[in-house]
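What you see is a predicted model; the values in this text were computed from it and never measured. We count ligands from 1, going down the list as the structure has it; atoms in each ligand are counted the same way.
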Amino acid sequence: MSKSWVSLWGSEQVCVHDDYQKTADWLLSQTKHRPQVAIICGSGLGMLADALKCQDAFHYTDIPGFPQSTVQGHAGRLVFGELKGKTCVCMQGRFHMYEGHSLCKTTFPVRVFKLLGVETLIVTNAAGSLADGLKPGDIMIIKDHVNFPGLGGFNPLNGPNDDKFGPRFPAMSACYNPGLRCLAMDIAKQQGVAELVQEGVYAAVGGPNFETIAEAKLMHRLGVDAVGMSTAPEVVVAVHCGLRVFGISLITNKVVKSYEDRECVNHEGVLEVSKLRSHTLQQLVSELVSRMDVNNNTAV
Ligand SMILES: O=P(O)(O)O[C@H]1O[C@H](CO)[C@@H](O)[C@H]1O
């Protein structure tokens with residue numbers, strides 16, 4: 001049963017081991033698939049699941065304990081299937097804090113994946129670029145992140161630590177697996193899309209408003225390459241429970257950093273660019289899954 005916990009910021013819901021276990025047990029009773037890899041699809045990127053063969057799909061509304069998707073471009077389905085010889089589970093739709101989910105609900109699926117036996121988590125997102133060298137349609141392999149809500153005390157690991165998942169004070173200095181980053185870059189070269197792909201630092205903000213110009217300038221000065229409203233909380237929880245993580249941002253827009261610039265970002269534009277690059281991203285992720293070693297958490 002989830003419990004209420006009083007934090008610096010007021011009362012928060014925390015989920016306990018039993019909550020994750022019940023959802024995992026239900027899923028294991030409904031599908032024969034035993035996933036090794038989990039993929040979280042960002043805004044407009046749900047088609048990554050289309051590549052899975054022999055699918056078993058569940059609407060979030062039917063999964064006990066699962067939060068619900070409320071954002072356009074996030075279908076709200078969990079899809080199990082085979083991708084190039086590996087068993088995968090794919091979230092068509094993620095949860096964001098700005099939807100009103102507590103942080104434990106925002107990251108709930110990650111611990112469920114751990115209990116399903118997943119070893120590797122692939123996170124994808126739509127993001128705005130701050131780096132001058134990243135333009136809409138480019139793909140950024142996430143090298144590291146800045147978790148702004150986390151720095152401010154909104155961390156999914158707040159509250160009593162569950163030692164069954166991981167330690168009280170987990171290191172975050174190697175969140176994004178170097179071997180998988182390197183492999184993804186090689187695959188991009190082999191697929192002839194290297195000019196679209198580079199590594200960079202992702203910053204998570206709370207949203208749901210897009211950045212002011214002063215905020216954009218601040219993040220740019222701090223060395224942030226791309227910004228979005230997700231991913232970092234999921235990655236913190238994944239690293240805490242020992243999952244290997246690979247992350248990718250699809251750059252859907254430029255973040256306006258000048259008062260002279262009249263461009264204005266909107267979610268519809270974000271979804272349009274996601275669709276345009278969905279095939280390229282699907283090819284890259286499929287090949288990465290195909291070539292990754294799944295039985296050794298420390299190797300590629
Ligand atoms: O991070 P994902 O879920 O890809 O979505 C991104 O796109 C939405 C804004 O258009 C925000 O939710 C932002 O986080």
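Ring centroid separation for the pair H74 and F95 does not come in under the 6.0 Å cut-off. Side-chain rings of F58 and W26 approach one another, their centers coming within less than 6.0 Å.
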Kindly determine whether T87 and R34 satisfy side chain to side chain donor-acceptor pair (under 3.5 Å), including the steps that lead there. CA-CA 6 Å; T87 309; R34 295 293 177 261; over 6 Å; no
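Residue N125 approaches ligand 1 through these ligand atoms, each under 4.0 Å from one of its heavy atoms: 1 (O), 4 (O). Close approach to Y98 involves these atoms of ligand 1, each under 4.0 Å from a residue heavy atom: 11 (C), 12 (O). Atoms of ligand 1 found under 4.0 Å from any heavy atom of H96, numbered from 1 in the order shown, are 2 (P), 3 (O), 5 (O), 12 (O). In summary, the atoms of ligand 1 found under 4.0 Å from a heavy atom of G42, numbered by their order in the structure, are 4 (O). With ligand atoms numbered from 1 in the order given, ligand 1 contributes 1 (O), 2 (P), 3 (O), 14 (O) to contacts under 4.0 Å with heavy atoms of S230. In the vicinity of S43, heavy-atom distances shorter than 4.0 Å reach the ligand 1 atoms 2 (P), 3 (O), 4 (O), 5 (O), 6 (C), 7 (O), 8 (C). Applying the 4.0 Å criterion to heavy atoms of H74 picks out, from ligand 1, the atoms 3 (O).
Listed by first and then second residue, the side chain to side chain donor-acceptor pair (under 3.5 Å) pairs that reach into residues 55-66 are T31-D56, sequence neighbours excluded.
Listed here is the closest heavy atom pair of L48 and C41: CB-SG, 3.9 Å.
Checked by distance only, ligand 1 and A126 come closer than 3.5 Å through their nitrogen or oxygen atoms. Considering backbone and side-chain atoms alike, Y202 places every N or O at 3.5 Å or more from each N or O of ligand 1.
Between D19 and K105, no side-chain nitrogen of the basic residue sits less than 4.0 Å from a carboxylate oxygen of the acidic one, so the salt-bridge criterion is not met.
Cluster partners of L130, using a side-chain heavy-atom cutoff of under 4.5 Å among ILVMFWY residues and allowing indirect links, are V71, Y98, V146, F148, L151, V201, V205, F210, L218, M219, L222, V224, V227, M229, V255, V265, V270.
Of all protein heavy atoms, the one lying nearest to atom 9 (C) of ligand 1 is H267 ND1, 3.5 Å. Protein heavy atom nearest atom 13 (C) of ligand 1, with residue, atom name and distance: M229 N, 3.8 Å.
When heavy-atom distances to ligand 1 are checked against a 4.0 Å cut-off, V270 comes that close only through its side chain, counted from C-beta outward.
Tested against V37, the residues I122, V89, V118 include a single side-chain contact (heavy atoms from CB on, under 4.5 Å) partner, I122.
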